[in-house]
Number of protein chains: 2
Amino acid sequence: MPLDAETALADAPPGHKDELRLWLRLLTCTNLIEAEIRRRLRAEFDTTLPRFDLLAQLERHPGGLTLGEISRRMMVSNGNVTGLAARLEEEGLVERRVSATDRRAQSLRLTAKGRREFARQSAAHEGWVAELLGGLSLAEREALQALLGRAKASVTAGLEESGA
Amino acid sequence: MPLDAETALADAPPGHKDELRLWLRLLTCTNLIEAEIRRRLRAEFDTTLPRFDLLAQLERHPGGLTLGEISRRMMVSNGNVTGLAARLEEEGLVERRVSATDRRAQSLRLTAKGRREFARQSAAHEGWVAELLGGLSLAEREALQALLGRAKASVTAGLEESGA
DNA sequence: GGAAAATAGTTGAAGCCTAAACTATCCGGT
DNA sequence: ACCGGATAGTTTAGGCTTCAACTATTTTCC
């Protein structure tokens, strides 16, 4: 069961400012990059990050994905995917097809236009990220990648423990 | 159970710049932690991260802050702060006062209830972060903090360059 | 076969967020 | 004193997001 606030506090001696500072810096870094990517997607392609992410999923799975699979991969609610898919379909970037074997399910795939659009966006996106993180040396990037892997493991372990 | 973006990408396209992998991992880490914090704020205090963040700003400035100052500190639009402030005021956690010297400006400050509520939330929040990042050693946390500082510098340099 | 449970997706209400247009007020230069 | 530009906030339209309630279909199991 989840640790409640009091318990967490009780066996959490002071000195946690340290973890808090780390978290705030992590958040700041991510937000800076994410805000810039959103800004550029909007300015250069008149699109949004969630749309881009959804197209990216489909690009990787040419056979199509069901809305549910997309929802799990993007870690968002399925209601959210319903809306995104509707907008992308209206723009002609994706098409839906009802499953032959399960009439509840429908799979989404890129249209030719969708593939074309995504290719342009994706190339630009990769360049932006490389540009923003280009100030780090290869060694720094590798070290950061490894430490973030450790952080991810720590968080996942924390979630297991309280949520399982 | 949900796949995260990074894992979902792992089976994907060849020819990936390692900056992109680094960015995806950074994003995954942040999102995991942020989602958990949002979930707990909601479950335990029936509040949201933006509300919590706004209260945190006010806590740090007992003399009060104008909406514009809050907007800049939180790095969000001023229209956004208008709405947040209205909701917090309605809950009785903050109060507004029109500036004596500038009739356009109004400053926000915590009410007694707001201070009490925030104290509880803040203590729990600090514990959650410590718990989630507790799997890292002190040395790892320090190294990560430093590398994220480098990353932040790289990003802001990139923004200067393209924005100036 | 048929009831019950699980699964796929949609909808609605509410909050968060932005950009852009708008109102009200202040300030600086002439 | 006044006009024009800056500044403080609000409003509006639209997109993103969640949760919870809902429909439709499939699966499980007796």
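In what follows, chains are A, B, ... by sequence order, proteins preceding strands, each numbered from 1.
Not counting sequence neighbours, the partners of B/Arg38 by the salt bridge (charged side-chain N to carboxylate O under 4.0 Å, His left out) test are B/Glu34. Remark: A/Arg103 engages no residue in a salt bridge (charged side-chain N to carboxylate O under 4.0 Å, His left out) (not counting sequence neighbours).
Note on the helix from C/dG1-D/dC30 to C/dT30-D/dA1: terminal axis deviation equals 10°, with five pairs used at each end and the result rounded to 10°.
Using a 4.5 Å cut-off on side-chain heavy atoms (C-beta onward), A/Leu84 and A/Met74 make contact. By the 4.5 Å heavy-atom criterion applied to side chains, B/Ile33 and B/Leu133 are counted as neighbours.
Nucleic acid contact class of A/Arg87 (heavy atoms, under 4.0 Å, all strands): sugar-phosphate only. Residue A/Arg42 is in sugar-phosphate contact alone, with no base atom involved, counting any heavy-atom pair closer than 4.0 Å across all strands shown. Residue-level contact check: B/Arg51 touches the backbone only, with heavy atoms under 4.0 Å from sugar-phosphate atoms and none from bases. Contacts of B/Ser99 with the nucleic acid, taken as non-hydrogen atoms under 4.0 Å apart, are absent.
Near DNA chain D, defined here as any heavy-atom distance below 4.0 Å, the residues from residues 102-109 of chain B are B/Arg104, B/Ala105, B/Gln106, listed numerically. Taken residue by residue, residues 68-86 of chain B places heavy atoms nearer than 4.0 Å to DNA chain C at B/Met75, B/Val76, B/Ser77, B/Asn80, B/Leu84.
Pairing each heavy atom of A/Val76 with each of A/Ser71, the nearest pair is O-OG, 2.9 Å.
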Return a table of donor-acceptor pairs under 3.5 angstrom between the side chains of residues 114-122 of chain A and protein atoms on other chains or two or more places apart.
| residue | atom | partner | partner atom | Å |
| --- | --- | --- | --- | --- |
| A/Glu117 | OE2 | A/Arg120 | NH1 | 2.9 |

Mind listing the side-chain donor-acceptor pairs of residues 47-60 of chain B below 3.5 Å, one per line with the distance, residues two or more places apart or on another chain?
| residue | atom | partner | partner atom | Å |
| --- | --- | --- | --- | --- |
| B/Thr48 | OG1 | B/Arg51 | N | 3.4 |
| B/Arg51 | NE | B/Glu91 | OE2 | 3.0 |
| B/Arg51 | NH2 | B/Glu91 | OE2 | 2.9 |

Original post:
How far apart are the C-alpha atoms of A/Leu108 and A/Leu88, what are their side-chain angles, what is the distance that settles it, and do they pass the side-chain contact (heavy atoms from CB on, under 4.5 Å) test?
Top reply: CA-CA 10 Å; A/Leu108 244 54; A/Leu88 288 171; over 6 Å; no
Subject >> Trace of the side-chain contact (heavy atoms from CB on, under 4.5 Å) decision for B/Gln106 with B/Thr66 >> reply: CA-CA 6 Å; B/Gln106 46 193 282; B/Thr66 67; over 6 Å; no
Original post:
Can you check side-chain contact (heavy atoms from CB on, under 4.5 Å) on B/Leu93 and B/Leu110, steps first, answer last?
Top reply: CA-CA 6 Å; B/Leu93 302 178; B/Leu110 291 177; 5.7 Å; no
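Rounded to the nearest 0.5 angstrom, A/Ser107 OG and A/Ile70 CD1 are separated by 8.5 Å.
Judged as a side-chain hydrogen bond (donor to acceptor under 3.5 Å, both in side chains), the pairs with a partner in residues 73-89 of chain B (not counting sequence neighbours) are, in order, B/His61-B/Arg73, B/Glu89-B/Arg96. The stretch residues 128-142 of chain A participates, sequence neighbours left out, in these salt bridge (charged side-chain N to carboxylate O under 4.0 Å, His left out) pairs: A/Arg40-A/Glu131, A/Glu140-B/Arg150, A/Arg141-B/Asp18, A/Arg141-B/Glu19. Contacts classified as ring-ring contact (aromatic ring centres under 6.0 Å, His included) and involving residues 89-108 of chain B (residues at least two apart or in different chains) are not found.
Nearest-nucleotide assignment on DNA chain C puts the 5′-proximal partner with A/Arg96, out of A/Arg96 and B/Thr101.
Contact footprint of chain B on DNA chain D: nucleotides with an atom under 4.0 Å from a non-hydrogen protein atom, first to last in 5' to 3' order, D/dA6 to D/dC19. Of all nucleotides in DNA chain C having an atom under 4.0 Å from a heavy atom of chain A, the first and last in 5' to 3' order are C/dA6 to C/dA19.
Salt-bridge annotation for A/Arg39 and A/Glu36: present, with a side-chain N of the basic residue lying under 4.0 Å from a carboxylate O of the acidic one.
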